[in-house]
Peer 1: 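Let me give you the structure first, and then I'll get to my questions.
Convention: sequence-line order gives letters A, B, ...; per-chain numbering from 1.
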2 protein chains.
Amino acid sequence: MTTITARERLINAAVEAFAEKGFAATTTRDIASRAGMSPAAVYVHHDSKESLLFTVSLQGHRHALEIINTAAASTTDPVERIRTMVYDFSRWHADHSRVGRIVQWEYHALTPEHRTEVAVFRRSIERTMQDALTDGVAQGVLDVDDVPGTAFSLLSLGVDLVRWFEPGGSRSAHELASLHAGLAVRMVLRASPSRPPA
Amino acid sequence: MTTITARERLINAAVEAFAEKGFAATTTRDIASRAGMSPAAVYVHHDSKESLLFTVSLQGHRHALEIINTAAASTTDPVERIRTMVYDFSRWHADHSRVGRIVQWEYHALTPEHRTEVAVFRRSIERTMQDALTDGVAQGVLDVDDVPGTAFSLLSLGVDLVRWFEPGGSRSAHELASLHAGLAVRMVLRASPSRPPA
DNA sequence: GTCTATAATGGGATAGAC
DNA sequence: GTCTATCCCATTATAGAC
C-alpha cells in the first residue's frame, strides 16, 4: 500500500502551481489549497516557498540526468546512441513537461546556493551528450564541427518542448521525441561516401 | 536629433526588468526607478504593468516576424533560404535576448485578449518557415518528413537561446547563429544521390 | 500536524499638489 | 507631466490553540 505523505502532497501541489503560473506568481495559499491544507501547514513540512521549488527542481534535475545517462549506456553504436539519447531526453520533457518547465524556466528563482547545486547536474547532462558525440566522431561514424554547441542544440530541442507542450495536444510525446531523434541523427551523421563529381 | 520620450524610457526600463527578473517578480517601483521616475509617473504613460508587457511583447513579435519574412524573401534557393532564415532568426534572438525572453517566456502573463493578438504573429512566423520547407521539398532539393514539426524545431533552436544567452559570453551571436544555420541545413537537405549498394 | 488569526512587509494603482 | 503621500489589498511567514 502506498501512503502519500502531506509532504509529498505539497510537492505535487507545488509542481502543478509553479508549472501553471510560474514561481513568482504562485502564492503559498495556492499551493496549500491545492494540497488541501491551510497556508500555515505548509511551513510544517517545508521551510519556505523557495525550498519547495528547490526540492522540485533537484528531483527533476536528478531524473533528467538519469534518463540521459541510461540512454547513453544502452548501446555502443554511436548513431543509435544519439538517437536514443535525444529520443529519451525529449520524451522525458514531454512526459514531464510540468517538472521540466520548473527545471528549465525557474532556474533563476533558486537561491544562489541552490542554483550552484543543480548546476552540477546540468553540466553533467551536457557532458554526457558531448561525450557521445566525441566518441562517434572518433569512431568515424559521426561528423560534428562544434561538439559543445551541437550537444547543446540537441538538448535544446527537448528543453524547448516544455515551453508549450501539453498532454492531449495535437502531437503525442512519442511523435515529438521521434521527430527530434530523427533530426538529431541527420545533424550529426557523416555523409555516406558518394562518388565525387568527375 | 533623437528625442527619447518618457514613454520610451519606461519601455526600455520594462524590457530590462522583465528580462532580468520575469514579469511577475518585477515591481512597478523597479521599472519606475530604472526610468528615473516616481512610481506614479508610470501610470501617466501606461495603463498598467501588463500593458507595458504587452507593448514590449507586441514590438518584439512584430520585429521577429519582420526578420523571418525578410530572410524568406532574400533568395529563391531553398537551401540558402533555410540557412538565412535560421541564421537570422537565431541571430535576432541572441542580439535581442532580453526582448526575446519576454516574447517567449512571458507570453502567458499577457491578458487573454493580448495573447490572442500576439498569437497571430506567432502563427505567421511558423507559417513562413513551413512554406520555405514545403517549397524546397517541391523543388526536390529538401527532404522533410514532417513539415510543421521540422519548422517548429528549426525555430526552437533560436528560441531556446533566450533562456541562457548573454552578450559577452563565451560564444558570439554570430557563432551560434551560424551553428544553428549549419545544423538546419543538414536536417532538411536531401541526401546527395549515392551509388546504392550492389 | 493542523487549524485560525495575525504580524510584518510590499505590492499595484490613485489622489491631489505643483 | 512629475512629484509625495497614501489607499487598499495580497503576500510570506509565524504564534498559539487544539
Peer 1: If you group Ile, Leu, Val, Met, Phe, Trp and Tyr whenever their side-chain heavy atoms sit less than 4.5 Å apart, what else falls in with B:Val44?
Peer 2: none
Peer 1: If we check ring pair (Phe, Tyr, Trp, His ring centres under 6.0 Å) with A:His63, which of these qualifies: A:Trp92, A:Phe89, A:Phe121?
Peer 2: A:Trp92
Peer 1: Select base, sugar-phosphate, or nothing to describe what B:Thr5 touches, counting heavy atoms under 4.0 Å on all strands.
Peer 2: nothing
Peer 1: With a strict under 4.0 Å distance from non-hydrogen atoms of chain B, what nucleotide opens and what nucleotide closes the contacted stretch of DNA chain C, reading 5' to 3'?
Peer 2: C:dG11 to C:dA15
Peer 1: Compare all side-chain heavy atoms of A:Val99 with those of A:Gln59 and state whether any distance is below 4.5 angstrom.
Peer 2: no
Peer 1: Go through residues 51-58 of chain B and report each residue with a non-hydrogen atom lying under 4.0 Å from DNA chain D, sorted by number.
Peer 2: none
Peer 1: How about B:Val141 and B:Arg190: do any of their side-chain heavy atoms sit closer than 4.5 Å?
Peer 2: no
Peer 1: In the structure I gave you, are the side-chain heavy atoms of B:Phe165 and B:His93 within less than 4.5 Å of one another anywhere?
Peer 2: no
Peer 1: Return the residues of residues 35-49 of chain B meeting this criterion: a heavy atom under 4.0 Å from some atom of DNA chain C. Order them by number, or give none.
Peer 2: B:Ala40, B:Tyr43, B:Ser48, B:Lys49
Peer 1: List, by chain and number, the other hydrophobic cluster members for B:Val162, where Ile, Leu, Val, Met, Phe, Trp and Tyr join if side-chain heavy atoms come within less than 4.5 Å, directly or indirectly.
Peer 2: B:Trp105
Peer 1: Within the structure provided, determine whether B:Phe152 and B:Gln130 are in side-chain contact (heavy-atom separation under 4.5 Å).
Peer 2: no
Peer 1: Quick one: are A:Arg115 and A:Arg122 in side-chain contact, heavy atoms under 4.5 Å?
Peer 2: no
Peer 1: Give every residue pair that meets the side-chain hydrogen bond (donor to acceptor under 3.5 Å, both in side chains) criterion with at least one member in residues 177-188 of chain A, sequence neighbours excluded.
Peer 2: A:Ser90-A:His180
Peer 1: As a quick check of understanding, evaluate side chain to side chain contact (heavy atoms under 4.5 Å, CB included) for B:Asp143 and B:Leu189, giving each step before the final call.
Peer 2: CA-CA 6 Å; B:Asp143 169 33; B:Leu189 192 62; over 6 Å; no
